[in-house]
Protein chains: 2
Amino acid sequence: MEKKTTIYDIAAKLGLTAATVSRALNNNAKISLNTRKLVLETALEMNYEQNKLALALKSGKSYNVGVIVPRIDSNFFSTVIRGIEEELYPKGYHVIICQTHNQENLEIEKINSLLNVQVDGILMSISNADLEEDKGFNKLLKNKGTPLVFFDRKKDIKGVSSVTIDDFKGGYDATKHLIEQGCRRIAHLYNDRKFEIFNNRFLGYRQALLDNGIEFDESLEIETISNVAEGRKSARELLGRDRPPDAIFSSSDFAALGALQEIRERGLGIPEDICIVGFSNEPFTKFMELTITSVDQFPMEMGKVAAQVFLEEVSNIQDIKIAKNIVLTPELIVRKSSLKT
Amino acid sequence: MEKKTTIYDIAAKLGLTAATVSRALNNNAKISLNTRKLVLETALEMNYEQNKLALALKSGKSYNVGVIVPRIDSNFFSTVIRGIEEELYPKGYHVIICQTHNQENLEIEKINSLLNVQVDGILMSISNADLEEDKGFNKLLKNKGTPLVFFDRKKDIKGVSSVTIDDFKGGYDATKHLIEQGCRRIAHLYNDRKFEIFNNRFLGYRQALLDNGIEFDESLEIETISNVAEGRKSARELLGRDRPPDAIFSSSDFAALGALQEIRERGLGIPEDICIVGFSNEPFTKFMELTITSVDQFPMEMGKVAAQVFLEEVSNIQDIKIAKNIVLTPELIVRKSSLKT
DNA sequence: ACTTACATTGCAATCCATTACAACCAAATA
DNA sequence: TATTTGGTTGTAATGGATTGCAATGTAAGT
């Protein structure tokens with residue numbers, strides 16, 4: 001473990017000062033060509049590499065950003081992160097990831113933890129719908145030096161930028177599509193509506209019904225959790241009703257899959273008897289034999305755009321910044337599970 | 001953007017020295033109870049928070065680790081990363097992620113980049129099979145201060161620890177299972193055998209044939225790339241043969257899926273006519289109606305174990321460290337695609 | 001020959017926290 | 001009373017790089 005060479009080592013070897021070496025390495029105009037060449041050569045020879053930590057301390061920029069997500073092992077989040085990383089790395093940033101697993105305390109804790117390591121910004125998808133009350137979060141907000149950008153699961157907070165998709169439109173389009181397929185009793189499996197995204201999908205669903213003269217039936221609206229087992233459970237419930245639905249729009253692909261499995265096990269046909277539409281366009285929806293219609297959220301682009309918003313914000317820290325709320329347009333991908341021939 | 005308070009601010013307010021404040025905050029024994037209490041209170045009051053960057057520069061430990069993977073938006077890698085993050089965060093580490101997209105130059109570049117930001121270690125799955133030649137890589141190896149741990153896709157390099165699964169056993173078990181199902185003409189779709197993992201799966205496959213008295217037929221061994229389209233292509237090729245196979249063992253779930261789709265489109269039955277086994281136990285393999293037999297690699301555990309190996313290595317930097325090569329045991333998950341009743 | 005100006009380089013402070021070593025004061029001991 | 005001792009706190013260096021200002025030297029201008 002030979003210790004790394006510093007600009008002091010180079011300076012000593014050349015009978016110069018660290019200041020001069022620093023300037024030479026940074027192509028500062030005030031250094032003679034000779035000296036610069038000498039320094040550059042010596043630096044190469046001694047395997048010099050800038051210690052970014054020292055630079056960060058001095059400059060106040062760590063060139064690290066923190067990304068906080070509920071979990072990383074989900075296609076949606078890992079794809080967003082991919083987008084963020086690809087957008088930010090060329091600009092010199094590194095991405096630190098944190099997971100919360102929907103635990104309130106972890107969310108606050110990780111924000112603080114990131115702030116302590118002096119990240120230049122935080123991009124996050126909230127996992128705790130009541131976040132704003134918390135002091136750890138407020139601290140970040142007051143701390144106007146470190147930009148905050150929400151993506152996907154945001155909170156409507158003044159002065160905080162966000163990148164989301166138009167979940168209302170997603171819900172609306174999905175429902176409208178089902179109506180166009182001739183469905184009239186369209187059930188909706190929704191997730192925790194304290195989150196804007198889920199509430200908006202729900203509202204889009206209702207609006208589509210309204211616009212098409214279909215009265216909504218609250219008994220067809222069931223709250224679920226985003227996994228296969230819960231989707232099955234909800235489907236079971238729906239199928240037990242006096243008048244079962246002829247379509248299910250789920251705000252989660254996993255719940256949609258569960259419903260699909262339950263329905264087929266009961267001998268019902270998809271899409272003949274019941275159409276199904278999910279949300280997120282998870283990879284498996286197109287891999288199955290009975291492919292599942294779903295709403296694509298363009299996670300990669302969402303990540304890239306969130307990164308761009310962050311970049312804009314860091315570059316005008318001192319200016320009064322106006323929060324930017326970017327809304328991407330989702331796309332309904334129609335597949336077999338809802339396409340009646 | 002009020003600037004953060006430092007120990008100097010606290011010291012000034014109390015008429016003390018930064019040194020004293022530092023000691024008080026760190027519960028150093030040599031500080032009087034009074035002073036400590038005073039400092040602690042004032043620190044709270046002034047919203048003091050330790051600047052980890054300064055600490056890192058002073059101590060030489062950044063408490064950051066770098067994780068390099070080909071891409072993060074794959075279930076396998078994101079799950080490994082999840083394991084790493086969950087294991088390391090409680091110990092005070094943050095995880096920086098880097099993707100290479102299998103580009104050689106990026107791999108070297110990102111290693112250097114991580115080294116420059118003074119990560120305390122690097123955990124990586126190589127994406128470039130010829131990595132060892134490169135000087136950026138050698139630098140990391142010589143730089144014994146920063147531990148390196150390979151996971152999954154490793155290179156056999158003296159002194160470098162690794163955590164992998166027993167791919168030979170994975171390939172062997174998969175093939176043996178197919179033989180037990182009565183298959184005799186078992187094709188193998190393998191990926192680039194310059195990688196140990198793929199070569200070992202290949203060797204396991206051959207050994208299983210050998211052990212069961214089945215002569216292997218090189219025409220049944222086809223190189224593919226891990227995606228659906230390539231899997232289809234390979235299947236098409238195999239089905240065009242004079243004597244098509246009665247089973248396919250693919251070293252990738254995606255290629256297996258492609259093969260499955262191609263086979264069914266041709267009206268052949270799975271598993272009746274052709275059995276299929278994939279590798280990785282991607283989520284979709286169990287979601288499909290025709291579930292796919294696959295080999296689970298326990299990515300979460302792999303991540304956790306890799307993190308543990310790293311932790312061990314950082315704690316004995318000065319000691320001569322003996323590389324640890326941990327091999328996890330994979331598990332064949334038998335599903336419909338290969339289970340003849 | 002003397003001043004002016006410019007081109008280079010050095011000095012020292014700064015970013016923030018830690019820590020070996022020195023210094024100080026008061027109480028206890030000889 | 002003089003001295004040792006222990007308990008506290010201060011001094012200053014350290015980690016590595018950057019940068020405003022000062023200083024030096026040299027060539028050009030008058």
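Proteins come first, then strands; the chains are lettered A, B, ... in the order of their sequence lines, and each starts at number 1. The structure presented is a predicted model; accordingly, all values stated were derived computationally and were not measured. FYI, side chains are in, hydrogens and waters are out, and symmetry mates aren't considered; it's all heavy atoms of this structure.
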Just call it for [X]: base, sugar-phosphate, or nothing, with non-hydrogen atoms closer than 4.0 Å on any strand.
{"X": "A/Ser32", "value": "sugar-phosphate"}
{"X": "B/Leu25", "value": "nothing"}
{"X": "A/Leu53", "value": "nothing"}

For atom [atom1] of [X] and atom [atom2] of [N], their distance in whole Å:
{"X": "A/Gln118", "N": "C/dC16", "atom1": "CD", "atom2": "C1'", "value": "9 Å"}
{"X": "B/Lys4", "N": "C/dC16", "atom1": "NZ", "atom2": "P", "value": "9 Å"}
{"X": "A/Ile10", "N": "C/dG10", "atom1": "CD1", "atom2": "P", "value": "14 Å"}
{"X": "A/Asn34", "N": "C/dA7", "atom1": "CG", "atom2": "P", "value": "16 Å"}
{"X": "A/Met46", "N": "D/dG16", "atom1": "CE", "atom2": "P", "value": "13 Å"}
{"X": "A/Leu33", "N": "C/dC6", "atom1": "CG", "atom2": "P", "value": "20 Å"}
{"X": "B/Gln50", "N": "C/dC16", "atom1": "CD", "atom2": "P", "value": "13 Å"}
{"X": "B/Asn27", "N": "D/dT8", "atom1": "CG", "atom2": "C1'", "value": "16 Å"}

Under 4.0 Å: is that the gap between some side-chain N or O of [X] and OP1 or OP2 of [N]?
{"X": "A/Thr35", "N": "C/dT9", "value": "yes"}
{"X": "B/Thr17", "N": "D/dG10", "value": "yes"}
{"X": "A/Asn51", "N": "D/dG15", "value": "no"}

Regarding D/dG20, can its base be found pairing with the side chain of A/Arg23 as donor and acceptor, where the two atoms are less than 3.5 Å apart? yes
Hey, what's the ring geometry for B/Phe310 with B/Tyr93, parallel, tilted or perpendicular (30° and 60° as the breaks)? perpendicular
Determine the interplanar angle of the A/His94 and A/Tyr89 rings, folded into 0 to 90°, and report it as parallel if under 30°, tilted if 30 to 60°, perpendicular if over 60°. perpendicular
Test: salt bridge (Lys or Arg N to Asp or Glu O under 4.0 Å). Region: residues 64-78 of chain A. Which pairs qualify, not counting sequence neighbours? A/Arg71-A/Asp73, A/Asp73-B/Arg82
Looking at side-chain heavy atoms only, is the closest gap between A/Ile68 and A/Thr100 below 4.5 Å? yes
A/Val163: which of A/Glu301, A/Met302, A/Lys304 passes side-chain contact (heavy atoms from CB on, under 4.5 Å): A/Met302
Start at the 5' end of DNA chain C and walk down; is the nucleotide closest to A/Tyr8 or to A/Arg36 reached first? A/Arg36
Does atom NZ (B/Lys324) have a neighbourhood of more than 12 heavy atoms from anything else shown, all under 6.0 Å? no
Nearest-neighbour nucleotide for the A/Ser22 side chain, D/dG10, C/dT8, D/dT18 considered: D/dT18
Members of residues 55-66 of chain A that approach DNA chain D, where some heavy atom sits under 4.0 Å away: A/Leu55, A/Lys58
So CD of B/Gln99 and CZ of B/Phe77: to nearest 0.5 Å the spacing works out to 10.5 Å
